[in-house]
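Below, read A as the first sequence line, B as the second, and so on, with proteins coming before strands; counting in each chain starts at 1.
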Amino acid sequence: MSKIKAKTTYSKRKVYDHLSIEPKWQAKWDKEGVYQPDLDAANPSAGSRKGPSSLKNRKSEAGKKSKLFYNLMMFPYPSAEGLHVGSIFTFGGIDVYGRFKRMMGYDVFEPMGLDGFGIHSENHAIKTNDHPVDHAKRTEKNFYRQLHAIGNSYAWKNKVETYDPDYYRWTQWLFVQLFKSGLAYKKNSPVNFCPSCKTVLSDEQVIDGQCERCNSVVEKRDLEQWFFKITKYAEQLLSNIEGLDWSHKVKLAQKNWIGKKEGINITYQIANFQDTVTIFTTRPDTNYGATFIAIAPEHELVSKLLTGVVQIDHQIVEKIQVYIDKAKNKSEIERVAEGKEKSGVFTDLYAMNPFTGYQMPIWVSDFVLGGFGTGALVGVPGHDKRDFEFATKFELEIIRVVVGKDGDKGPITTIEQVQEEDGVMINSEFLDSMDIHKATEKMMDHIESKGYGKRVVTYHLRDWLISRQRYWGPPIPMIYCESCAKTGDSWFTTKEGKASKDDLSEMAGWYPEENLPVKLPYIKNFKPLGTGKAPLANHPEFYETTCPHCGGKAIRETDVSDTFLDSGWYFLRYLATDLKNIPFPMAKEKAAEFKNATKSEIESAEKRRAWLPVTSYIGGAEHSVLHLLYARFLTMALKDMGYVDFDEPFARFYAHGLIIKDGAKMSKSKGNIINPDDYIHKYGADTLRTYLLFLGPFNQGGDFRDSGIDGMSRFLKRVWKLFEDSEVTNSRLTDERLKMMHETIKGATEDMENLRFNTSIAKLMTYYNFLSKQIEIHREEVEVYLKLLAPFAPHMTEEMWSNLGNEFSIHTSSWPMFDEKYLKQENVTIAVQVNGKLRSTLTVSVKDGSDKELLEKMAREDVHVSKFLDGGVRKVILVPGKILNFVV
RNA sequence: GCCGAGGUGGUGGAAUGGCAGACACGAAGGUCUCAAAAACCUUUGGAGCUUAAACUCCGUGGGGGUUCGACUCCCCCUCUCGGCACCA
């Protein structure tokens with residue numbers, strides 16, 4: 001503690017006025033760059049880190065250099081209504097954590113930006129009859145104003161907006177790199193289409209088969225789409241999960257989404273035809289019970305039948321045609337709704353089961369998914385509920401091959417008898433009496449040795465559909481040349497392309513645009529067309545171009561890319577917002593490859609790698625799968641291209657909770673948005689952020705109500721008043737007061753470390769109650785208290801800190817360290833229990849040894865002694881008759 | 001259906017297996033005031049008992065178990081909330 005004369009007091013009787021204090025400090029922090037680390041420095045210190053309580057001091061205290069801490073939060077998409085209190089809760093909490101880490105001696109980089117591109121923002125613009133460009137300009141201003149007003153310690157010089165050409169230039173560059181690596185391809189694919197909104201929807205915008213916004217039933221349409229080959233990284237995405245410091249829940253969600261399944265593809269001969277059908281199964285053990293084959297409407301055998309490649313009765317062909325047409329028109333929701341009622345049509349073909357010789361009828365049914373496995377399955381109605389439903393509906397045979405726990409060996413006639421999970425084999429020749437899991441392995445070996453099939457691994461994960469037939473996104477920077485396509489030329493047949501990839505002949509005609517950005521033009525009619533083409537397709541001045549290869553006429557891609565691509569790499573750009581010619585930190589050899597990159601830019605790119613990967617990433621649990629998976633994929637791809645040297649972007653991810661209102665997520669459509677501006681005006685940002693964090697655990701959130709905010713306001717005012725009105729002395733603190741101080745420090749530090757802000761605040765309140773009962777306050781107590789409170793109430797504590805005569809910001813001072821010695825107790829209180837009831841307590845000295853005697857005496861009297869304490873003694877356990885344990 | 005997280009006063013919520021309900025809101029009573037607001041003080045899980053100090057019993061969704069001791073660990077049931085879902 002600094003040496004200040006006793007009885008120092010400061011500016012007495014000043015009333016706490018957040019309206020003047022908060023903007024004052026915000027302006028000062030900005031001006032002095034308190035939260036702006038020098039990204040290039042080997043030991044980057046924020047602007048005001050000098051002076052007595054500075055980092056220098058702390059460094060020497062700790063005896064080591066400060067460490068870099070990249071404190072990242074998921075950036076918001078700027079909506080017209082602005083921030084709501086839910087965002088104050090999440091951003092506030094993350095900022096509290098960042099401020100804590102800063103005081104702990106880390107160099108914290110805490111950037112902020114706006115995810116302004118995308119369907120959300122575009123829809124809003126459409127609804128309000130606004131243009132997305134104008135809309136973005138307005139909301140941006142409002143958002144940054146609000147983000148300033150809550151007093152978070154952002155590095156404002158490093159903000160990004162995804163719709164800024166300086167940003168999406170690199171989003172497009174990233175697309176080009178993926179294309180060149182063979183990770184981006186174009187193919188025909190069915191997509192979700194909302195007939196009412198006249199637009200395609202992303203999978204995540206389809207909820208239970210309905211459009212997220214208008215609840216119309218979503219249709220499927222076939223469109224030419226760009227995809228990213230994320231499936232190439234399925235295995236790495238899965239195996240890396242193990243080593244991530246993420247919550248179990250999020251890891252599991254990712255695992256499930258990737259959905260690795262190990263099974264086997266079995267090929268069956270079709271009777272009387274020179275053709276086969278291959279199915280995928282994870283349960284080949286049940287093959288002796290297989291009685292039919294079902295194939296998806298999209299299966300190639302179906303088209304063979306319809307086109308006559310495989311000839312069958314034309315009446316049946318017609319029936320199939322009718323069925324296929326019907327199935328295609330069925331929406332997702334209808335398919336699910338009708339889930340219980342199976343449908344299908346018989347092809348008049350049979351497949352031979354090589355084990356039983358059973359002639360399995362081949363059916364076409366829409367309960368078989370075209371995109372999973374081989375798009376065909378073998379039906380074992382005795383041991384799969386869906387197969388059972390199908391078999392009963394079409395009166396196919398049901399054969400039992402597994403006996404479950406119930407021991408039932410009789411025929412299977414009801415769905416309750418269908419045994420899926422475990423049991424023992426029966427009626428299966430060489431597999432009989434084997435456990436089904438063992439039988440599965442044995443059967444797979446057998447099938448492979450006989451050449452009937454081959455083990456395969458399938459994933460639930462599909463390639464990432466990146467195209468959007470929309471306006472408000474970065475144009476996909478690709479050029480298509482018709483004449484090159486005819487000759488089979490593409491970027492992959494050029495010198496550069498050949499060197500990197502082989503066999504991408506299906507990409508004939510495609511070349512990447514090297515001259516980036518491909519700017520999104522300001523067009524009046526930006527609304528989605530609903531024709532399967534993007535609005536830019538109506539603008540020849542945009543899409544007409546020349547072929548980079550042959551110089552002939554060529555056209556640009558008019559689709560834009562998915563907003564998840566924008567947000568998939570933003571954390572890299574934050575560190576390079578001032579580098580015009582290099583997208584993000586990378587080794588200087590790589591950085592030098594960029595055209596126009598200056599020497600200093602290359603050096604910066606090299607140095608700033610030290611900040612990566614992200615130290616701590618905090619965001620909504622709703623992004624546990626898609627966004628995080630995409631960011632991981634892009635990072636892995638960039639690593640393989642040599643641009644980054646790590647394959648996981650976020651060392652640690654923490655999912656915060658949500659502040660809801662009346663049981664529902666806040667949204668304008670529900671009319672339950674709480675605007676923080678009013679609260680900030682009335683109570684101040686300090687009160688609001690502390691109150692929200694006190695409302696509930698950070699990983700849970702809570703229901704917003706303002707009934708308690710007065711209490712928080714009262715608390716902060718009381719703290720202000722206590723320290724203003726009390727005599728501040730420098731005399732020696734009593735042991736009791738030292739103990740209280742150090743207990744609070746210890747508890748609060750642990751809470752902050754684990755992001756348990758609500759309990760941390762509660763401890764500060766308890767400590768306040770203790771201090772308020774004292775006649776005078778010691779300077780050390782004031783300083784410690786202000787520091788502990790500083791992350792929550794940065795403005796108020798800064799003001800008080802400065803009133804104490806400190807020259808430098810409290811936020812660059814050091815976090816109080818607790819001292820074990822004040823927590824130790826020489827006297828240990830022992831609880832005496834008789835028959836499990838607390839009888840009395842007695843105090844024994846741990847040191848003098850008499851305790852043991854005493855305990856032995858109590859033991860003889862059949863008394864249970866247990867406990868504690870916070871000093872050195874962890875636990876004392878005594879059971880009747882003997883001393884079991886005495887841990888010091 | 002599968003997976004995950006939960007169930008504690010009037011409310012939000014605290015409790016490394018060790019005195020359940022920290023802290024706060026609300027409520028009740030009081031001080032100040034002509035009055036109100038603000039501020040401050042006291043009480044506040046339920047039941048019983050006592051002149052009082054104090055004390056006793058019951059209590060963490062329900063039922064079992066492990067333990068000297070369980071909100072906490074294990075098993076079964078139940079309800080709520082999230083995620084995935086005709087994935088073979």
Using the [atom1] atoms only, state how far [M] lies from [N], rounded to an integer number of Å.
N	M	atom1	value
B/rC23	B/rA14	P	14 Å
B/rA15	B/rU66	P	29 Å
B/rG17	B/rU11	C1'	29 Å
B/rU72	B/rG18	C1'	11 Å
B/rU67	B/rG10	P	34 Å

Query raised in the report: How does RNA chain B look in dot-bracket form if you count Watson-Crick and G-U pairs under 3.5 Å, write [ ] for pairs that cross, and put | where a base pairs with another strand?
Result: (((((((..(((.....[....)))((((((.......))))))((((......))))..(((((..]....))))))))))))....
With the criterion being N/O to N/O and under 3.5 Å, what pairs connect the protein with nucleotides 8-12 of chain B, and how long is each?
unit_1	atom_1	unit_2	atom_2	d
B/rU11	O2'	A/R705	NH1	3.4
B/rG12	O2'	A/L695	O	2.5

Requested in this report: Name all residues meeting the ring-ring contact (aromatic ring centres under 6.0 Å, His included) criterion together with A/F698; count only those two or more places apart in sequence or in a different chain, and write none if there are none.
Outcome: A/F89, A/F757
Query raised in the report: Excluding sequence neighbours, so at least two apart, what forms ring-ring contact (aromatic ring centres under 6.0 Å, His included) with A/W363?
Result: A/F346, A/F390, A/F394
Requested in this report: Apply side-chain hydrogen bond (donor to acceptor under 3.5 Å, both in side chains) to A/T749 and list each qualifying residue two or more places apart in sequence or on a separate chain.
Outcome: A/W815
Report task. State which residues pass side-chain hydrogen bond (donor to acceptor under 3.5 Å, both in side chains) with A/K261; sequence neighbours excluded, sorted by chain then number. Result -> none
Query raised in the report: Which residue, A/N769 or A/T282, contacts RNA chain B at a nucleotide closer to its 5' end, judged by nearest heavy atom?
Result: A/N769
Report summary line: Judged by nearest nucleotide, the residue sitting upstream toward the 5' end of RNA chain B, A/A253 or A/G373, is A/A253
Report task. Apply side chain to side chain contact (heavy atoms under 4.5 Å, CB included) to A/D17 and list each qualifying residue two or more places apart in sequence or on a separate chain. Result -> A/L19, A/S20
Who pairs with [X] by salt bridge (charged side-chain N to carboxylate O under 4.0 Å, His left out), at least two apart in sequence or on another chain?
X	value
A/D384	A/R386
A/R455	A/E441, A/D445, A/E448
A/D285	A/R283
A/E300	none

**Report entry** Pair A/Y785 + A/Y768: ring centers closer than 6.0 Å
**Finding:** no
What nitrogen or oxygen pairs link the protein and nucleotides 39-45 of chain B at under 3.5 Å?
unit_1	atom_1	unit_2	atom_2	d
B/rC40	OP1	A/R718	NH1	3.2

